[in-house]
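What follows is a set of notes on a single structure, which appears directly below.
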Amino acid sequence: ATDDFNHGVVLSSRPLRSNEVFQVRIDKMVDKWAGSIEIGVTTHNPAYLQLPSTMTNLRSGTWMMTGNGVMHNGTTILDEYGHNLDRLKAGDTVGVVRKEDGSLHFFVNGVAQGPAAWNVPPNVYAVVDLYGQAAQATIMDDMGESRRSRASTVMYLRSHLGGQPDLLCLVGCFS
């Protein structure tokens with residue numbers, strides 16, 4: 001899997017609740033490519049989404065932090081935003097939250113990066129894109145526990161965290 005540039009895209013199977021943080025820890029990086037992990041939210045239900053090679057290619061209903069910018073529907077809306085995700089290393093964490101007021105915030109290693117977007121509608125799904133150098137990540141659940149996400153060619157597998165179907169894995173799957 002580390003020979004591939006786009007290691008996998010993972011979306012939550014249910015919309016995030018207001019003020020619910022979705023966070024991942026990078027477990028493995030490869031030196032072969034440029035770019036790194038991307039994280040954000042989408043209004044697209046993963047059960048009906050025709051998956052692009054990377055989430056930043058979606059042209060509707062999607063907000064992503066990539067590098068040190070923020071994109072909305074594939075267009076950069078903020079430059080020089082927060083910590084550059086391309087400089088992250090194994091062990092670093094990134095997170096996203098849609099607040100009750102509709103603002104979107106990102107976190108790097110637990111540090112809030114400030115508001116990134118406003119008027120984000122409710123019922124958005126969390127997205128993490130294992131892109132470029134990011135080859136493996138762990139999704140941290142509400143209890144601070146983790147489940148490993150490893151790139152694979154298996155598609156549309158459902159993972160069960162704590163006995164509940166919590167994440168839908170597209171292209172990347174869980175072990």
Side-chain angles (χ1 to χ4, degrees), residues 6-28 36-47 49 51-52 54-56 58 61-73 77-78 81-83 85 88 90-131 134-151 157-174:
N6 295 317
H7 296 285
V9 175
V10 180
L11 295 94
S12 59
S13 64
R14 62 164 176 78
L16 293 176
R17 294 179 293 273
S18 289
N19 303 315
E20 179 181 9
V21 176
F22 177 82
Q23 180 174 262
V24 298
R25 181 185 67 228
I26 299 172
D27 293 327
K28 183 177 180 183
S36 186
I37 198 165
E38 299 172 338
I39 190 166
V41 297
T42 185
T43 58
H44 297 281
N45 182 324
L49 178 63
L51 191 68
T54 178
M55 288 301 291
T56 55
L58 278 184
T62 303
W63 294 259
M64 299 292 294
M65 184 177 178
T66 176
N68 64 336
V70 177
M71 298 181 83
H72 178 228
N73 301 335
I77 58 171
L78 281 178
Y81 171 82
H83 186 89
L85 299 185
L88 295 178
D92 288 334
T93 62
V94 292
V96 62
V97 62
R98 182 206 169 269
K99 297 204 172 183
E100 198 167 347
D101 66 1
S103 61
L104 190 69
H105 299 253
F106 293 96
F107 299 86
V108 176
N109 291 320
V111 177
Q113 304 298 294
W118 295 262
N119 302 313
V120 176
N123 300 315
V124 291
Y125 297 83
V127 177
V128 62
D129 194 339
L130 294 177
Y131 180 82
Q136 183 175 307
T138 298
I139 299 170
M140 310 304 287
D141 69 18
D142 291 341
M143 307 297 272
E145 296 179 6
S146 61
R147 299 291 183 259
R148 180 170 288 164
S149 172
R150 181 178 284 259
L157 291 180
R158 201 170 285 277
S159 174
H160 297 277
L161 300 180
Q164 297 295 322
D166 195 36
L167 297 168
L168 179 63
C169 186
L170 304 173
V171 181
C173 67
F174 299 92

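Residue numbers run from 1 in the order of the sequence given.
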Heavy-atom pair of closest approach, residues [X] and [Y]:
| X | Y | answer |
| --- | --- | --- |
| Ala117 | Ile77 | CB-CD1, 4.3 Å |
| Gly61 | Asn73 | N-OD1, 2.7 Å |
| Val24 | Ala137 | CB-CB, 4.5 Å |
| Asp101 | Ser103 | OD1-OG, 2.6 Å |
| Ala116 | Val70 | CB-CG2, 3.8 Å |
| Ser13 | Pro46 | CA-CG, 4.3 Å |

**Item:** Arg98 side-chain N/O to Val124 backbone N/O, donor-acceptor pair under 3.5 Å
**Value:** no

**Item:** Donor-acceptor contact below 3.5 Å, side chain Asn68 vs main chain His83
**Value:** no

How many angstroms lie between [atom1] in [X] and [atom2] in [Y], if you round to the nearest 0.5 Å?
| X | Y | atom1 | atom2 | result |
| --- | --- | --- | --- | --- |
| Gln113 | Leu78 | CD | CG | 12.0 Å |
| Lys99 | Leu104 | NZ | CG | 10.5 Å |
| Thr56 | Glu38 | OG1 | CD | 4.5 Å |
| Asn123 | Thr43 | CG | OG1 | 10.0 Å |
| Ile26 | Thr138 | CD1 | OG1 | 10.5 Å |
| Asn109 | Leu88 | CG | CG | 6.5 Å |

**Prompt:** Does the side chain of Met65 reach to within under 4.5 Å of the side chain of Val94, using non-hydrogen atoms?
**Reply:** no

**Under the ring-ring contact (aromatic ring centres under 6.0 Å, His included) test, residues paired with His105 that sit two or more places apart** = none

**Request:** Applying side-chain contact (heavy atoms from CB on, under 4.5 Å), name anything that partners Thr42, two or more places apart in sequence or on another chain.
**Result:** Leu11, His44, Met55, Leu58, Thr62, Tyr125, Val127

**Prompt:** Can you list the residues that meet the side-chain contact (heavy atoms from CB on, under 4.5 Å) rule with Ala126, with sequence neighbours excluded?
**Reply:** Ser12, Leu16, Phe22

**Request:** Quick one: sort the His72 and Trp63 rings into parallel, tilted or perpendicular, breaks at 30° and 60°.
**Result:** parallel

**Request:** Would you please test Ser18 and Glu100 for side chain to side chain donor-acceptor pair (under 3.5 Å) and show each step?
**Result:** CA-CA 5 Å; Ser18 289; Glu100 198 167 347; 5.7 Å; no

